[in-house]
Peer 1: 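Please read through the structure below; I'll follow up with questions.
Every chain is numbered from 1 and lettered A, B, ... according to where its sequence line falls, protein lines coming before strand lines.
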Amino acid sequence: MTTPLLPREHYLNVRYGIKSWLLTKDHKRIALLYLITVTGFFFLGGAFAVLIRLELATPAGDLLSSDTYNKMFTMHGVIMVFFFLIPSIPAILGNFLVPMMIGARDLAFPRINLLSWYIYILGGTFTLWAVIVGGVDTGWTFYTPYSTAASNTNVVATGLGVFITGFSSILTGLNFIVTIHRMRAPGLTWFRLPLFIWAHYATSLIQVLGTPVIAITVLLVALERTFHIGIFDPALGGDPVLFQHLFWFYSHPAVYIMILPAMGVVSEVVACFSRKNVFGYSFVAFSSLAIAVFGFLVWAHHMFVAGISVYAAMVFSFLSFAVAIPSAVKVFNWTATLYRGAIWWQAPLLFVFGFIGLFTIGGLTGLFLASLGLDVHVHDTYFVVAHFHYIMVGGAIMGYMAGLHFWWPKMFGRMYPEPWAKFAALVVFVGFNLTFLPQFILGYMGMPRRYHAYPEEFQVLNVMSSAGATILGVGYLIPMIYFIWSLRYGRAAGPNPWGATGLEWTTQSPPLTENFPVTPVVTEGAYEYSKREMRVV
Amino acid sequence: MSGHIAPVRSYVLIFALLMIFTAITVVVAFINLGPLNFPVAISIAIVKATLVILFFMHVKYSSQLTKMIIGSGLFFLLVMFSLTMTDYLSRGWQTYPVGAGKPVEASGIRPQGSGLSQGSGKP
Amino acid sequence: MSDGIAAHAPLHEHAHHPALQHQFNTMEQQQETVTLGMWLFLITEIMFFGGLFMAYLLYRVWYPEAWAEGSVELDVVLGGLNTVVLIGSSLTMALAVRSAQVGAPRATVGWLGITMALGATFLVVKGFEYAHKFQAHHVPGPDFVFEGPHARQVQIFLSLYFAMTGLHALHMVIGIGLLSVIAWMAHRRRFTPEWYSPVEMSGLYWHFVDIVWIFLFPLLYLVDRAHHFV
């Protein structure tokens, strides 16, 4: 086997200069624009997390005032949710791979794709400006009437940032749906699509249907705050719980926007590194759609103790148990895929193992929260914080890391250093569990969330959590370093270093601007590993 | 959708129907139908919107996919309305067995402590 | 290595339509895709306005008297007139699309012009209504004054009135801007029976804005004209 070389012409070197990037219509370049800016926001959100964990290393509220601490967790949440987790996989890996996986030359609307990035930048600028001029202290959930009547921080500016960025998400989702419907290569029927595509299709449905609702909600908060019209203010006859209904109608499906793409990555990686077809392909495909649909029916499980009717709470509790089922279906099918597969222990698979275990824990603890009696006790405690970090960090970010590692050779034509990647995966896994496992216990013992001081008896667990956060931070910095290193010094990858199925692996790495010199014709399913060599590299 | 060219008179006919329904909705609004005024007004609006969607927006001649997209949008809109209202409409229901302490008055669907009368707003 | 993915002869577009974008293979694919995209965008608009309708629904159920008191303050004649104007503009918009469909650019420009004029008429009437509300101190906020036992709840009604009709009016302004661009393109003979999607897509947007008003009119102006509550 000859050593692969970098191709002579590809999408990165076809044109140089800042204008060729800022005015590009190439979905792959837009994906990289997102990669840079999303990574920036990730580390900014992480910086706020560092301050939170530093404060919480001691029981007294001695590092930051309570007002400042409120701003810390608010900015951490706003940035991580809206500027990192929601865009990460769809805008980076989705933008890069969706056209390639379906054999298309680009997305349906390339200019709208670029526009979505500019909108993201504009929204991010408003939010950054809000951070610089003093931040927001309402929590990322902006609950009224505090956010509309009492808080004297930059609610409107932050809300405007969120409002604008929402349109970026909507346009990305719209683009994906249309592309997947109308631009598949000849022979690529729905049930031959990679599960990554199914996952992004379901994600896009949520983005299109849900995001407008938070947009109008944030707009109403801004109006209420400016004109005191009474829509959410109980003193004027309004209902603050209405805000919560409208907010969570989007924000619950939003968590499925964050996890579904990662699940798509997991399906691809599991298939490739066990050299097997994904077990129960159609179940996994339909479960993505089921998660998207059911995800819209459960939002008030965030409001069980907010004053909603007990009967409504029972309905939402039941539906919240139901929404766990399709996720469980996926975990069973991935496990069945791995069973008796020819396991190839590479970094993407290590991150995926982390995902499967940690997402399962996070998901199961979600069932605890969905049951009314338990939720009364653990709502607004660290139990909830641990639950969603297991899903968002242990799940979504692990999936994101797996995807970055898996497709890095395709995107840049170079391999990252595998031993360092395995090490990073281990560091992240250890750091993550040390950070968040104690938080389940803390929450169960009664430590409330969003407090900067706590009783002395909680200190040991908090110190463990802060120590874990340090390790976790190091675990994320290591890939930053070796990924950048690999751009210059990484071994050339060749078209298909993993021996993976999928149209994106049939062309050169990095790809040509138009992806495929000749439109492929598809005649078989997505994971025909039985016909492949065991390994290519 | 491309290809089907409707004659001018079909558009004018739909316009005429929309005008008739507009007149009906205004006239009926001034007739006291009690609690039926609201559903009648909404129903007429739905009929008008349907005419615009099917004929002005050519959905009658559009693909199944277009119809499914519109349907799903409306479905989730209705989910938002109905599931949210399950909360508000059931807030006043009994939540504990009678005799288990001083009972709070079942307050109907109006907000607690708003000083407003219970039930529907009969004068 | 490329099992199952057979190479396909490069596509040669014998007649490469000037409006065909590089990512599409045929004009038909482009037109279907653009239509799908516009419909998805309209769905997002439905959900966007939907939040306001949700707030309206809750507060109407809670405060029927205030809704009646507030609604009767709105001018049903102007509201009805605006409804006729806007539905009329939908007719002229549909005729503009039809003109583009049959390759009649002058008629296209003409019907688009009338549509824009009707839209502008709607906005002018709305402006008069808003001015009247402003003078009567019925604008929610620090200057709000309302005689009646349910002033606070009427303020909520009027807040929703301004939010819903204001957002609608903003969409109309954007629509008129959009139509002026389309009319210019039609004037420059950019549309043919093979490619008139921009006209059609603008039409879909315009009709959507009309549909929102079809609901706003009875919900805001016709709440209790038979004086059931007040």
Peer 1: Select one option (side chain, backbone, both, neither) describing which atoms of C/Arg60 are under 4.5 Å from chain B's heavy atoms.
Peer 2: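 Contact with chain B: side chain only.
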Peer 1: For the atom pair CE (B/Met57) and CG (C/Leu204), what is the distance rounded to the nearest 0.5 Å?
Peer 2: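 Reported value, rounded in 0.5 Å steps: 4.5 Å.
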Peer 1: Between C/Leu91 and chain B, which part of the residue has a heavy atom less than 4.5 Å away: side chain, backbone, both or neither?
Peer 2: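 Looking at C/Leu91, backbone and side chain both touch chain B.
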Peer 1: Minimum heavy-atom separation for B/Phe56 and C/Ala94, please, with both atom names.
Peer 2: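 In this case the closest contact between B/Phe56 and C/Ala94 is CD2-CB, 3.9 Å.
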Peer 1: Could you tell me whether the side chain of B/Thr84 reaches within less than 4.5 Å of the side chain of C/Leu58, counting heavy atoms only?
Peer 2: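 They are not in side-chain contact.
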Peer 1: Heavy-atom distance under 4.5 Å between the side chains of B/Met85 and C/Val61, does that happen here?
Peer 2: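 When only atoms from C-beta onward are counted, C/Val61 and B/Met85 do touch, with a gap below 4.5 Å.
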Peer 1: Given a strict heavy-atom distance threshold of 4.5 Å, which part of C/Phe217 is in contact with chain B: side chain, backbone, both, or neither?
Peer 2: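 Looking at C/Phe217, just its side chain touches chain B.
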Peer 1: What part of B/Val28 gets within 4.5 angstrom of chain C, counting heavy atoms only: side chain, backbone, both, or neither?
Peer 2: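 It is neither, since no heavy atom gets under 4.5 Å.
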Peer 1: Under the side-chain contact (heavy atoms from CB on, under 4.5 Å) criterion, do B/Ile31 and C/Arg225 qualify, and how do the steps go?
Peer 2: CA-CA 8 Å; B/Ile31 301 170; C/Arg225 294 283 164 180; over 6 Å; no
Peer 1: Which atoms of C/Val76 are under 4.5 Å from chain B, going by heavy atoms: the side chain, the backbone, both sets, or neither?
Peer 2: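 For C/Val76, the side chain is the part near chain B, not the backbone.
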Peer 1: Can you check ring pair (Phe, Tyr, Trp, His ring centres under 6.0 Å) on C/Trp62 and B/Tyr88, steps first, answer last?
Peer 2: CA-CA 9 Å; C/Trp62 268 11; B/Tyr88 290 103; 5.6 Å; yes
Peer 1: Go through C/Leu219 and B/Ile42 one step at a time and tell me if the side-chain contact (heavy atoms from CB on, under 4.5 Å) criterion holds.
Peer 2: CA-CA 8 Å; C/Leu219 289 178; B/Ile42 287 289; 3.6 Å; yes
Peer 1: Atom CD1 in C/Ile43, atom CD1 in B/Ile69: separation rounded to 0.5 Å?
Peer 2: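 Here the interatomic distance stands at 7.0 Å.
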Peer 1: Are any non-hydrogen side-chain atoms of C/Ile87 and B/Lys48 less than 4.5 angstrom apart?
Peer 2: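 Sidechains of B/Lys48 and C/Ile87: in contact.
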Peer 1: Compare every heavy atom of C/Leu222 with every heavy atom of B/Thr25, then report the nearest pair and how far apart it is.
Peer 2: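 That would be O-CD1, 3.8 Å.
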Peer 1: Within the structure provided, determine whether B/Ile46 and C/Phe215 are in side-chain contact (heavy-atom separation under 4.5 Å).
Peer 2: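 A side-chain contact under 4.5 Å exists here.
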Peer 1: Take a 6.0 Å sphere around CZ of C/Arg106 and say whether it holds more than 12 heavy atoms from other residues, nucleotides or ligands.
Peer 2: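 No - once you tally the heavy atoms of other residues, nucleotides and ligands closer than 6.0 Å, there are 12 at most.
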Peer 1: Out of C/Met54, C/Met47, C/Glu32, return the one with the most heavy atom pairs under 4.5 angstrom to chain B.
Peer 2: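 If we count pairs closer than 4.5 Å to chain B, C/Met54 comes out on top.
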Peer 1: For B/Ala45 and C/Ile214, which heavy atoms make the closest approach, and how far apart are they?
Peer 2: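 So the minimum-distance heavy-atom pair works out to O-CG2, 3.6 Å.
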Peer 1: For the candidates B/Pro35, B/Ala41, B/Ala6, which exhibits the highest count of non-hydrogen atom pairs separated by less than 4.5 Å from chain C?
Peer 2: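 Counting heavy-atom pairs under 4.5 Å, the top option is B/Ala6.
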Peer 1: Mark yes when over 12 heavy atoms from residues, nucleotides or ligands other than C/Trp111 sit less than 6.0 Å from its CH2; otherwise mark no.
Peer 2: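 Count not over threshold, so no.
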